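First comes the structure, then the notes that go with it.
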Protein chains: 2
Amino acid sequence: MSRDGTKVDARVGANAPADYDPSKYAPSAITTDLALLTIRNGRLAVLLVERAAAPFAGYWALPGGFVRPDEDLDTAATRELAEETGIDVHDWHVEQLRTYGAPERDPRMRVLSVAYVVFMPTDARPVAGSAATRARFWAIDDLTASVSEGALDDAVSELSDHAKATPSLAFDHACILADAVERVRAKLEYTTLAASFLDEPFTLSELRHVYETVWDCRLDTGNFRRKVLSADGFVVSTGSQCSTAGRPAALYTRGAARALSPPLVRPGNES
Amino acid sequence: MSRDGTKVDARVGANAPADYDPSKYAPSAITTDLALLTIRNGRLAVLLVERAAAPFAGYWALPGGFVRPDEDLDTAATRELAEETGIDVHDWHVEQLRTYGAPERDPRMRVLSVAYVVFMPTDARPVAGSAATRARFWAIDDLTASVSEGALDDAVSELSDHAKATPSLAFDHACILADAVERVRAKLEYTTLAASFLDEPFTLSELRHVYETVWDCRLDTGNFRRKVLSADGFVVSTGSQCSTAGRPAALYTRGAARALSPPLVRPGNES
DNA sequence: GGAATAGTGTCTTTTAGACATTATGTA
DNA sequence: TACATAATGTCTAAAAGACACTATTCC
């Protein structure tokens with residue numbers, strides 16, 4: 001970090017209090033980290049990349065990286081995702097989660113992380129790691145064990161690509177991921193974002209499975225159908241059908257509504 | 001910003017992609033800005049400070065300032081509030097809102113702002129500006145006009161302390177404030193935070209007035225009472241009463257419940 | 001008594017939960 | 001036909017909205 005006192009003072013001092021001291025206002029590095037969530041094989045999953053270099057070499061982490069000097073935060077998040085995993089967010093829903101800034105969260109230096117959540121459709125998409133990283137999806141269930149144990153007490157450098165072991169995540173990414181999952185669970189209640197986990201067109205059963213997977217519960221088919229179809233603009237009928245093992249199901253696309261009012265309440269959600 | 005390539009590379013490079021270039025990862029200054037909201041004279045109000053120095057000298061702004069090198073973000077937010085206005089957040093509810101990072105949001109240099117929302121009880125509290133700043137509450141209604149007009153097209157350096165004119169806010173603080181107000185409106189629906197705008201003990205009428213003020217609507221007294229009293233842990237009866245112009249009202253304190261499920265839905269909230 | 005505010009009761013409408021039942025395809 | 005899944009119908013219980021009404025204070 002620069003200690004060029006006069007220069008920093010000229011640019012920063014105007015907003016500083018009377019007891020201004022340049023050494024107290026050292027800038028920080030900024031990263032974006034991104035929890036890309038989707039439904040894979042009937043389970044809620046997140047995309048992780050394996051770190052090649054220290055710190056946390058060999059650990060799995062949320063994709064992300066440093067924000068460039070003249071780059072918007074949202075732009076940085078999607079750019080880093082594309083660079084590390086080859087994934088383009090297209091028109092998917094991307095929203096800021098929150099910012100993590102504990103002074104010791106990165107052992108190298110002070111690093112702030114602006115975290116994002118992405119709702120990716122369930123379509124099986126190839127994931128290409130870059131030269132430096134491998135990338136794969138992990139079921140949330142297979143990671144939550146390590147959340148409660150903390151992120152620093154397990155060396156996982158021998159993990160194979162298909163290992164069943166639950167890896168510890170780099171940095172505070174287990175906390176970020178837990179917050180992201182809770183955000184998604186809450187958002188399904190009062191928004192129509194569940195549909196953004198599906199490729200179009202989709203059936204009402206598929207939409208119900210999204211809720212059942214994310215909330216880890218069972219929903220009554222009739223009541224769910226009544227609720228979704230009575231919510232104006234949640235889904236739009238295409239008129240066509242899809243053939244399955246049983247009776248063909250009607251196909252729908254996403255409607256224009258974003259909010260869901262009154263909400264679809266998650267069972268067992270007592271105050 | 002330092003251009004000491006080797007040193008920066010050694011500390012930052014481990015997380016960077018293969019095409020790493022130190023000049024692309026320049027650090028940024030970090031501020032916290034804080035929207036302290038309360039009910040003043042029956043209106044939703046926010047605490048602003050008048051800027052003494054450039055940029056935006058004479059403009060009103062959210063209290064806030066630079067985060068210190070080894071300081072937690074939450075700590076920085078409450079420290080800056082105390083320094084600029086003499087207000088201690090005590091046990092009030094403080095929550096992170098979101099982070100604002102548009103590259104040109106500060107004309108001096110790249111500055112990220114991590115914004116917070118505070119729910120302050122309505123108690124008339126003295127607000128002391130520091131040596132560099134004046135501080136006062138503004139009704140949200142008196143500021144929203146300037147939100148839609150943008151924050152840069154009005155010089156307000158002549159504004160007196162009791163001016164009725166609607167000032168333009170410094171930086172992108174009008175956007176931050178708009179997001180904060182919307183956050184509060186939403187939170188009253190599915191949390192018990194409305195009670196944190198009141199001093200204890202309070203009456204159910206006072207609690208209803210909080211909702212009516214924040215949502216700008218009228219609520220039926222009987223239905224509101226039924227809803228609040230049936231929500232377990234929202235309020236706790238003290239057994240005592242308070243005398244007003246009419247029949248004495250029963251007094252309550254805040255209960256232990258944080259979530260409100262099912263929610264108290266805001267009228268005219270159609271999807 | 002009258003004004004003002006607090007608190008209760010009740011009727012109706014809406015919505016949600018818990019099913020039973022019918023429909024329509026494939027093996 | 002058996003089976004699997006989609007779609008509909010119905011009964012009940014709970015909650016919300018719209019009131020009318022009663023209660024208790026101060027003047």
Side-chain angles (χ1 to χ4, degrees), chain A residues 42 188-190 194 198 201-213 215 217-232 234-253 257 259-271, chain B residues 42 188-190 194 198 201-213 215 217-232 234-253 257 259-271:
Chain A
L188 291 207
E189 293 195 68
Y190 58 93
L198 296 171
F202 52 84
T203 69
L204 290 188
S205 287
E206 290 169 337
L207 184 61
R208 182 166 46 80
H209 283 313
V210 171
Y211 278 93
E212 292 178 335
T213 301
W215 287 348
C217 69
R218 300 289 305 187
L219 297 177
D220 181 271
T221 64
N223 297 338
F224 180 81
R225 158 179 231 87
R226 189 211 310 160
K227 177 76 186 176
V228 170
L229 294 181
S230 71
D232 208 56
F234 194 166
V235 296
V236 176
S237 174
T238 64
S240 53
Q241 296 188 326
C242 98
S243 54
T244 63
R247 173 175 170 175
L251 289 169
Y252 298 84
T253 53
L260 195 56
S261 165
L264 219 164
V265 291
R266 129 172 76 154
N269 201 13
E270 309 311 307
S271 67
Chain B
L188 291 208
E189 292 195 68
Y190 58 92
L198 296 172
F202 52 84
T203 69
L204 291 188
S205 287
E206 289 169 338
L207 184 60
R208 183 167 46 79
H209 284 314
V210 171
Y211 278 94
E212 292 177 336
T213 301
W215 286 348
C217 68
R218 301 288 305 186
L219 297 177
D220 181 272
T221 64
N223 296 338
F224 180 81
R225 161 179 230 83
R226 189 210 312 159
K227 177 76 185 178
V228 170
L229 293 180
S230 70
D232 208 56
F234 194 164
V235 297
V236 177
S237 174
T238 64
S240 52
Q241 295 187 327
C242 99
S243 55
T244 63
R247 173 175 171 175
L251 290 168
Y252 298 84
T253 54
L260 195 55
S261 165
L264 220 164
V265 291
R266 131 171 73 157
N269 201 13
E270 308 311 308
S271 66

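No experiment lies behind these values; they were computed from the predicted model shown. Per chain, numbering begins at 1; letters A, B, ... match sequence-line order.
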Scan nucleotides 15-18 of chain C against the protein and return all N/O pairs shorter than 3.5 Å with their distances rounded to 0.1 Å.
unit_1	atom_1	unit_2	atom_2	d
C:dA16	OP1	A:Lys227	NZ	2.7
C:dA16	N7	A:Arg226	NH1	2.8
C:dG17	N7	A:Asn223	OD1	3.4
C:dG17	N7	A:Arg226	NH2	3.3
C:dG17	O6	A:Arg226	NH2	3.0
C:dA18	N7	A:Asn223	OD1	3.4
C:dA18	N7	A:Asn223	ND2	2.9
C:dA18	N6	A:Asn223	OD1	3.1
C:dA18	N6	A:Arg226	NH2	3.4

message = Any side-chain N or O of A:Arg225 below 4.0 angstrom from OP1/OP2 of D:dA7?
response = yes

message = Tell me whether the rings of A:Tyr190 and B:Tyr190 are parallel (<30°), tilted (30 to 60°) or perpendicular (>60°).
response = parallel

task = Let me know the distance between CG of B:Leu229 and P of D:dA16, rounded to the nearest Å.
result = 13 Å

Touch class at under 4.0 angstrom, heavy-atom based, for B:Ser205 against every strand present = sugar-phosphate

ask   = With a 4.5 Å heavy-atom cut-off, do B:Leu229 and B:Tyr252 have their side chains touching?
value = yes

remark   = Taken to the nearest whole Å, CG/A:Leu251 to C1'/D:dA7 is 14 Å

note = note: B:Leu207, atom CG; C:dG7, atom P; distance rounded to Å ~ 12 Å

task = Would you mind reading off the distance between B:Arg218 atom CZ and D:dA16 atom P, rounded to a whole angstrom?
result = 20 Å

task = Between A:Gln241 and A:Gly246, name the one whose nearest nucleotide on DNA chain D is closer to the 5' end.
result = A:Gly246

inquiry  = When you compare the side chains of B:Thr238 and B:Ser240, does any donor N or O come within less than 3.5 Å of an acceptor on the partner?
reply    = yes

request  = Please tell me if the side chains of B:Leu188 and B:Arg266 come closer than 4.5 Å, counting only heavy atoms from C-beta onward.
outcome  = no

ask   = For the pair made of CD in B:Glu206 and C1' in C:dT5, what is the distance, rounded to whole Å?
value = 12 Å

message = Ignoring hydrogens and geometry beyond distance, is a side-chain donor-acceptor pair present between B:Glu206 and B:His209 at under 3.5 Å?
response = no

message = At 4.0 Å (heavy atoms only), tell me whether A:Ala249 reaches a base, stays on the sugar-phosphate, or touches nothing.
response = sugar-phosphate

query = Could you state the CZ-C1' distance from B:Phe224 to C:dT5, rounded to the nearest angstrom?
reply = 16 Å

ask   = If you pin B:Leu204 and A:Thr221 to their nearest nucleotides in DNA chain C, which one's is more 5'?
value = B:Leu204

remark   = SG (A:Cys242) and CZ (A:Phe202) are apart, to the nearest 0.5 Å, by 12.0 Å

request  = Could you tell me whether the side chain of B:Val235 reaches within less than 4.5 Å of the side chain of B:Thr253, counting heavy atoms only?
outcome  = no

ask   = Between the side-chain atoms of B:Arg247 and the base atoms of D:dA23, is any donor-acceptor pair under 3.5 Å?
value = yes

